[in-house]
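Let me begin by presenting the structure, written as structure tokens, before commenting on it.
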Amino acid sequence: MIQFGIIARNFSSSSAVQSAIKNVTVIGGGLMGSGIAQVSAQAGQNVTLVDVSSDVLAKAQKSIGTNLGRVAKKVYKDNPAEGEKFVAESLGRIKTLTDPAEAAKSADLVVEAIVENMEVKHKLFKQLDGVAPSHTIFASNTSSLSINEIASVVNRKDKFGGLHFFNPVPVMKLLEVVRGAETNDATYQAMMSWGKSVGKTCITCKDTPGFVVNRLLVPYICEAIRLFERGDASARDIDIAMKLGAGYPMGPLELADYVGLDTNKFILDGWHKKYPDQPLFNPIPLLDKLVSEGKLGVKSGEGFYKYDKK
Ligand SMILES: CCCCCCC[C@H](O)CC(=O)SCCNC(=O)CCNC(=O)[C@H](O)C(C)(C)COP(=O)([O-])OP(=O)([O-])OC[C@H]1O[C@@H](n2cnc3c(N)ncnc32)[C@H](O)[C@@H]1OP(=O)([O-])[O-]
Ligand SMILES: NC(=O)c1ccc[n+]([C@@H]2O[C@H](COP(=O)([O-])OP(=O)(O)OC[C@H]3O[C@@H](n4cnc5c(N)ncnc54)[C@H](O)[C@@H]3O)[C@@H](O)[C@H]2O)c1
């Protein structure tokens with residue numbers, strides 16, 4: 001059962017974890033950025049959500065409203081009026097902008113959740129480094145890229161780290177806090193307390209490929225795809241096996257479809273290029289074929305399974 005207990009404590013009791021960070025700028029208003037903006041706003045922080053696309057921002061505000069409604073229904077089930085107030089106040093703390101530089105000027109923390117592309121991330125952080133106040137901490141939500149490499153373009157390497165959330169952000173309780181080679185103690189501590197303040201259980205990771213979760217999850221999903229590719233079991237049976245035999249909420253092929261097969265492939269290809277001697281990161285012909293056919297999982301309507309298009 002999904003529990004919103006930790007989230008609830010953040011706005012409903014004086015025992016909420018406090019963070020010195022009050023103004024958060026989230027860059028990228030897609031799947032992850034909208035979730036990060038939501039959990040920050042519901043924890044009482046002032047949030048600026050940035051995307052290059054105003055359509056994305058409008059969509060993000062809508063989905064945040066819906067997901068806050070889900071939280072309110074659960075937490076304020078006996079007091080709907082209080083629930084409506086919670087939704088309205090949380091939404092009221094989120095402002096949207098299309099200019100990252102403008103948004104960074106008043107930020108205590110910038111969390112970047114834009115496309116998983118080193119060049120694009122470099123361009124953004126270089127720009128932000130020139131305009132953000134000197135105390136502002138920069139963090140990336142990257143799934144698979146090196147934090148040190150992303151940080152290489154900024155001067156404030158001591159104030160740079162990784163904050164890796166999980167999808168769906170409002171539900172998944174873990175936050176991986178990644179210390180880069182030059183992340184200083186104050187930045188690390190501030191990231192840990194901020195993570196707790198938005199209701200997450202934080203773990204500390206080094207800047208190694210995939211940190212902890214994806215270093216284990218990516219090979220696991222890949223092995224499941226290879227098992228299916230060899231014809232050793234059906235997709236359905238592989239998923240049932242891991243749900244009923246290992247207690248996972250989703251089977252590996254369902255999860256691959258949920259995350260996106262293009263994302264799976266992108267991560268695998270990047271690591272294979274960087275670590276060609278690691279057989280776990282070898283390309284998978286079936287994955288390549290599905291992606292080349294546009295079968296990307298839930299978002300395209302088909303992957304290992306077929307889905308109704310929304
Ligand atoms: C090669 C590999 C590549 C890896 C890629 C890595 C990607 C990345 O870096 C890491 C990840 O994120 S890895 C991925 C990590 N992620 C995983 O591994 C996910 C594994 N899956 C799960 O944990 C569950 O299947 C879900 C939580 C997704 C759905 O839960 P369910 O029980 O099957 O279905 P349910 O009954 O519908 O929902 C239950 C409750 O959740 C609520 N809710 C749902 N969606 C929501 C949303 N978007 N917003 C807000 N709330 C949402 C819903 O309202 C309900 O609340 P209630 O108050 O109880 O009524
Ligand atoms: N999807 C996941 O399950 C997941 C989980 C954890 C981490 N991540 C990581 O989070 C990041 C974002 O992933 P996502 O799934 O939310 O992607 P997404 O495609 O849903 O959203 C990315 C958004 O960034 C915007 N964008 C691109 N360049 C920009 C720029 N220069 N300035 C402002 N906005 C810009 C795009 O318009 C898009 O809306 C990636 O680094 C990804 O690896 C993803």
Side-chain angles (χ1 to χ4, degrees), residues 1-4 7-8 25-39 49-57 59-60 63-64 66-75 77 97-101 103-104 110-125 127-128 140-145 150 162-176 210-225 243 248-271 280-281 284 287 297-299:
M1 203 180 102
I2 307 295
Q3 291 175 351
F4 283 110
I7 297 172
T25 290
V26 179
I27 306 192
L31 191 64
M32 298 305 288
S34 57
I36 299 166
Q38 177 187 330
V39 296
L49 180 61
V50 184
D51 202 286
V52 284
S53 155
S54 40
D55 286 351
V56 168
L57 290 172
K59 210 173 136 204
S63 79
I64 293 170
T66 306
N67 288 332
L68 283 168
R70 284 167 132 170
V71 178
K73 220 170 161 185
K74 187 145 197 146
V75 178
K77 61 176 181 299
L97 280 177
T98 51
D99 179 5
V110 173
V111 183
E112 168 273 310
I114 66 168
V115 285
E116 187 77 335
N117 176 301
M118 188 61 84
E119 272 174 42
V120 182
K121 289 191 195 287
H122 274 169
K123 197 169 161 218
L124 174 72
F125 278 117
Q127 181 194 20
L128 299 180
S140 175
N141 180 52
T142 181
S143 295
S144 65
L145 302 175
I150 302 174
L163 287 172
H164 184 220
F165 286 85
F166 295 84
N167 178 26
V169 177
V171 178
M172 302 301 284
K173 297 194 189 86
L174 182 70
L175 177 64
E176 290 184 328
F211 316 125
V212 173
V213 171
N214 285 344
R215 180 62 182 83
L216 299 174
L217 192 61
V218 173
Y220 156 69
I221 289 178
C222 290
E223 282 301 282
I225 300 173
K243 285 188 285 190
Y248 285 44
M250 280 180 175
L253 302 178
E254 281 178 306
L255 184 57
D257 274 358
Y258 181 71
V259 168
L261 300 189
D262 50 343
T263 306
N264 284 253
K265 176 173 159 53
F266 181 85
I267 296 176
L268 194 63
D269 289 352
W271 289 359
L280 284 172
F281 302 156
I284 307 172
L287 181 64
V298 178
K299 63 182 157 189

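Everything numeric in this text was worked out from a predicted model, so none of it was measured. Each ligand, and each atom within it, is numbered from 1 in the order the structure gives.
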Can you tell which part of [X] has a heavy atom less than 4.0 Å from ligand 1: side chain, backbone, both or neither?
| X | value |
| --- | --- |
| L268 | neither |
| V71 | neither |
| V169 | neither |
| V213 | neither |
| N167 | both |

Open item on the list: Given K73, Q38, R70, identify the one with the heavy atom nearest to atom 52 (C) of ligand 1.
Closed with: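 Considering heavy atoms of K73, Q38, R70, the nearest to atom 52 (C) of ligand 1 sits in R70.
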Task: Options P249, G251, G35, ranked by nearest heavy atom to atom 20 (C) of ligand 1, top entry - done: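 Of the listed residues, P249 has the closest heavy atom.
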Open item on the list: Using a plain distance cutoff, I'd like to know if H164 has any nitrogen or oxygen under 3.5 Å from a nitrogen or oxygen of ligand 1.
Closed with: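 Yes, since at least one N or O of H164 sits under 3.5 Å from an N or O of ligand 1.
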Open item on the list: Geometry only, no angles: is N264 polar-contacting ligand 1 at N/O separations under 3.5 Å?
Closed with: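 In fact, backbone or side chain, N264 has no N or O that close.
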Task: Listed partners of E176 passing side chain to side chain donor-acceptor pair (under 3.5 Å), at least two apart - done: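 Only H164 meet the side chain to side chain donor-acceptor pair (under 3.5 Å) criterion with E176.
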Task: Pairing residues for T142 by the side chain to side chain donor-acceptor pair (under 3.5 Å) criterion, not counting sequence neighbours - done: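 Only E116 meet the side chain to side chain donor-acceptor pair (under 3.5 Å) criterion with T142.
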Open item on the list: Given a heavy-atom cut-off of 4.0 Å, could you list the residues near ligand 2 in chain and number order?
Closed with: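 Around ligand 2, where the cutoff is 4.0 Å for heavy atoms, the contacting residues are I27, G28, G30, L31, M32, D51, V52, V56, A113, I114, E116, K121, N141, T142, S143, H164, F165, N167.
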Open item on the list: Taking 4.0 angstrom as the limit and counting only heavy atoms of M250, give me the atoms of ligand 1 inside it, by number and element.
Closed with: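 Ligand 1 atoms under the 4.0 Å threshold to M250: 20 (C), 21 (N), 25 (O).
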- [ ] Name all residues meeting the ring-ring contact (aromatic ring centres under 6.0 Å, His included) criterion together with Y258; count only those two or more places apart in sequence or in a different chain, and write none if there are none.
- [x]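 Partners of Y258 by the ring-ring contact (aromatic ring centres under 6.0 Å, His included) criterion come out as none, since no residue qualifies.
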Task: Sub-4.0 Å heavy-atom approach of Y258 to ligand 1 - done: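 A heavy atom of Y258 does come that close to ligand 1.
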- [ ] Would you name the heavy atoms of N141 and F165 that are closest together and state the gap between them?
- [x]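 Between these two residues, the closest heavy atoms are OD1-N, 2.8 Å.
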Task: Any donor-acceptor N/O pair, T98 side chain to S54 backbone, under 3.5 Å - done: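 Answer holds: no.
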